[in-house]
Protein chains: 2
Amino acid sequence: MSRTPAVRRRGEVLEQAILDATWEEIQAVGFTKLTMEGVAKRAGTSKPVLYRRWADRTELIMACAVSRMPTVESVPDTGSLRGDAVELLTQLRDRMSAVGPIVIVTLVGEVTHYPTFRREFLHKFIDRLVELMNETVLDRAVARGEITESQLTDRLRRLPIDLARNEFLITGAIADEAIEEIIDQVFLPALHYRRNLPAEAAEPAPEPSPAPGDRRSERRGVTGATAGDREADAGRDLV
Amino acid sequence: MSRTPAVRRRGEVLEQAILDATWEEIQAVGFTKLTMEGVAKRAGTSKPVLYRRWADRTELIMACAVSRMPTVESVPDTGSLRGDAVELLTQLRDRMSAVGPIVIVTLVGEVTHYPTFRREFLHKFIDRLVELMNETVLDRAVARGEITESQLTDRLRRLPIDLARNEFLITGAIADEAIEEIIDQVFLPALHYRRNLPAEAAEPAPEPSPAPGDRRSERRGVTGATAGDREADAGRDLV
DNA sequence: CTATCTAAGATACTGGCCGTATCTTACGAA
DNA sequence: TTCGTAAGATACGGCCAGTATCTTAGATAG
């Protein structure tokens, strides 16, 4: 449990030891029951040392998660959109698995309470992935001639990431088959439908088949935005 | 703040008063800072009364959320798959908006820690929606002749719900436009692609276009399931 | 090697909240 | 009117957050 070393650690070394202890504490007692005192004892140090670095529990846990989540540097060119997309989702999966579903889910929850954290969290975890999707995977596919810019909408661009993230948040894992389903049953078919669309007449939906009396979208509900939540865009590309 | 009524309330009346107070307390101090003492005071009662009904904070909050979330009874027949799907997602959106993003997200987080809660939560909030999707919306579309059973996969069946849920968890809201994008840009096109597929040759993905050297799915990553999380299926249809 | 400065580590304290135990008292039922 | 049940008040032990204070290790400069 508590391991007070012979030598007094400092700076970087100490910090890493605390983050490791935090991680072990999460594994041992769980996220909700994690306490600063527990972490301090496990790290062989004391509370003030923790509070000198992180303002509270949430910050500590977030720092811990950040330190354990591998970064995605690039997506290798597999030669096809499909291959690249599978690769991207696989990396996303591996990143999130490295931290674990409980931490990720709880973090999303905790982070929702703190706009400040939320932005930092988003910046650290997500932006790179979305960039990779837009600027590497999709641009490459366009360059190859697999797709054209006109086939893409914002919604379609983030579709694979949205579905993979959702899979992980809800089920706690993403199987290889799930990745292939997302790409093969949803993403590529949805792109495929827009293959030869004229410039911007692309909007309306296809009739899947002879639809008898289609009086589309009659009723509207509440507007949805539960007021004062206009940092929605910031959250758009989470994880 | 505290409103101790002249008469001593009991049973149903008292319980509802406490749940109302819980809701007000969430609005007032936020989710994380909600305390049993605070709720008791606001409800004009005392802690033991709370603990006689709910074991802890999480149970109380969950009961509060359940009591405030309207149930979805049915999806009216709008005459088309598109209309029905929009209607279903709109109801889903309204249900979740009635409770609010912070509560939902935090609840998903808290619930992840407690397998028992998780199941109850899923049962109360989700099952009905998935049922409605499968047994009302899609069956009706098949009956109309808009689609055939062979076009459907499990993934496609829950696609709209997955995307809508994700939208809400991440951005905190679901705009009308988002619902239409989900249906028109993703769901219907993906279905459309499978329109005239032979029985089960449906699996492989479409080449979006002339793909040069497509050596598909070469590398595999970690298996994804972060061990011992085989209640994944239970979580599959969350919210 | 010594002086000095910084940060680690130990300890203690206030305050808040949890969860429970105990007692009194209002209300409903018979 | 009586009696049983549950509401409400109070109090308490315990844990933990977060801070203040003091001592001491060790890095660095001269």
Side-chain angles (χ1 to χ4, degrees), chain A residues 1-22 24-64 106-107 109-110 113-114 116-117, chain B residues 1-22 24-64 106 110 113-114 116-117:
Chain A
M1 287 289 167
S2 65
R3 25 166 149 121
T4 319
V7 292
R8 180 177 286 188
R9 299 155 300 179
R10 292 189 172 237
E12 199 58 43
V13 180
L14 176 61
E15 185 150 330
Q16 192 55 52
I18 295 174
L19 291 177
D20 289 346
T22 305
E24 291 169 23
E25 193 73 1
I26 291 176
Q27 306 305 317
V29 307
F31 206 108
T32 37
K33 289 179 186 167
L34 180 139
T35 120
M36 297 297 259
E37 286 184 342
V39 173
K41 179 177 290 185
R42 183 181 291 271
T45 181
S46 60
K47 281 197 293 175
V49 177
L50 268 57
Y51 281 104
R52 274 173 205 135
R53 293 157 200 273
W54 302 280
D56 57 26
R57 211 182 78 110
T58 308
E59 276 203 15
L60 172 60
I61 292 173
M62 195 175 106
C64 175
T106 309
L107 217 45
E110 297 233 6
H113 301 294
Y114 305 95
T116 310
F117 288 159
Chain B
M1 286 289 170
S2 65
R3 29 166 144 118
T4 318
V7 292
R8 181 176 286 188
R9 299 156 299 179
R10 294 191 169 232
E12 199 57 44
V13 181
L14 175 60
E15 185 153 330
Q16 192 55 51
I18 295 173
L19 291 176
D20 289 347
T22 304
E24 291 169 23
E25 194 72 3
I26 291 176
Q27 307 303 317
V29 306
F31 206 108
T32 36
K33 290 179 184 167
L34 180 138
T35 115
M36 297 298 259
E37 287 183 344
V39 172
K41 179 177 289 184
R42 185 181 289 270
T45 182
S46 61
K47 282 197 293 174
V49 177
L50 269 58
Y51 281 104
R52 273 172 206 139
R53 291 156 202 273
W54 302 281
D56 57 28
R57 212 183 79 111
T58 308
E59 277 204 16
L60 172 61
I61 292 174
M62 196 175 107
C64 174
T106 309
E110 297 233 6
H113 300 295
Y114 305 96
T116 310
F117 287 160

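So that the names make sense, note that chain A is the first sequence line, chain B the second, and so on, each numbered from 1.
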Using a 4.0 Å heavy-atom cut-off across all strands, classify A:Ser46 as base, sugar-phosphate, or nothing.
base
Within-4.5 Å side-chain heavy-atom neighbours: B:Trp54 and B:Glu15:
yes
Gap between atoms NZ and P, on B:Lys33 and D:dG18 respectively (whole Å)
10 Å
Could you tell me whether the side chain of B:Leu50 reaches within less than 4.5 Å of the side chain of B:Thr22, counting heavy atoms only?
no
Spacing of B:Tyr51 atom OH relative to C:dT20 atom P, expressed in whole Å
7 Å
Rounded to the nearest Å, what distance is computed from the CG atom of residue B:Leu34 to the C1' atom of nucleotide C:dG16?
14 Å
Of all the choices, D:dA7, D:dG18, C:dC17, which nucleotide is nearest to the side chain of A:Asp56 once you look at every atom?
D:dG18
Roughly, in whole Å, what's the span from CD1 in B:Ile18 to C1' in D:dA6?
12 Å
Spacing of CG belonging to B:Leu14 relative to CZ belonging to B:Arg53, to within rounding of 0.5 Å:
4.5 Å
Quick check: closest heavy atoms across B:Ser46 and B:Ala40, and the distance to 0.1 Å?
C-CB, 3.7 Å
Measure distances between side-chain N and O atoms of B:Arg52 and base N and O atoms of D:dA6, and say whether any donor-acceptor pair falls under 3.5 Å.
no
Among the nucleotides D:dA7, C:dA8, D:dT19, whichever has the atom closest to the side chain of A:Pro48 is D:dT19
Side-chain N or O of B:Thr35 less than 4.0 angstrom from OP1 or OP2 on C:dC18?
yes
What's the shortest heavy-atom distance between B:Met36 and B:Leu60, and which atoms?
SD-CD2, 3.9 Å
Separation of D:dT10 P from B:Lys41 NZ (nearest whole Å):
12 Å
Using whole Å, what does the distance between atom P of nucleotide D:dA7 and atom CD of B:Glu15 come to?
10 Å
Distance below 4.0 Å between B:Thr45 side-chain N/O and D:dG8 OP1 or OP2
yes
Test for a donor-acceptor pair under 3.5 Å between the base of D:dG8 and the side chain of B:Arg9, counting only N and O atoms.
no
Just how far, in rounded Å, is C1' of C:dG9 from CD of A:Glu37?
15 Å
DNA chain D nearest-nucleotide lookup for A:Gly38 and B:Leu14: closer to the 5′ end is B:Leu14
Whole-Å distance between C:dG9 P and A:Arg53 CZ?
9 Å
Closest nucleotide among C:dG19, D:dA17, D:dA20 to the A:Lys47 side chain:
D:dA17
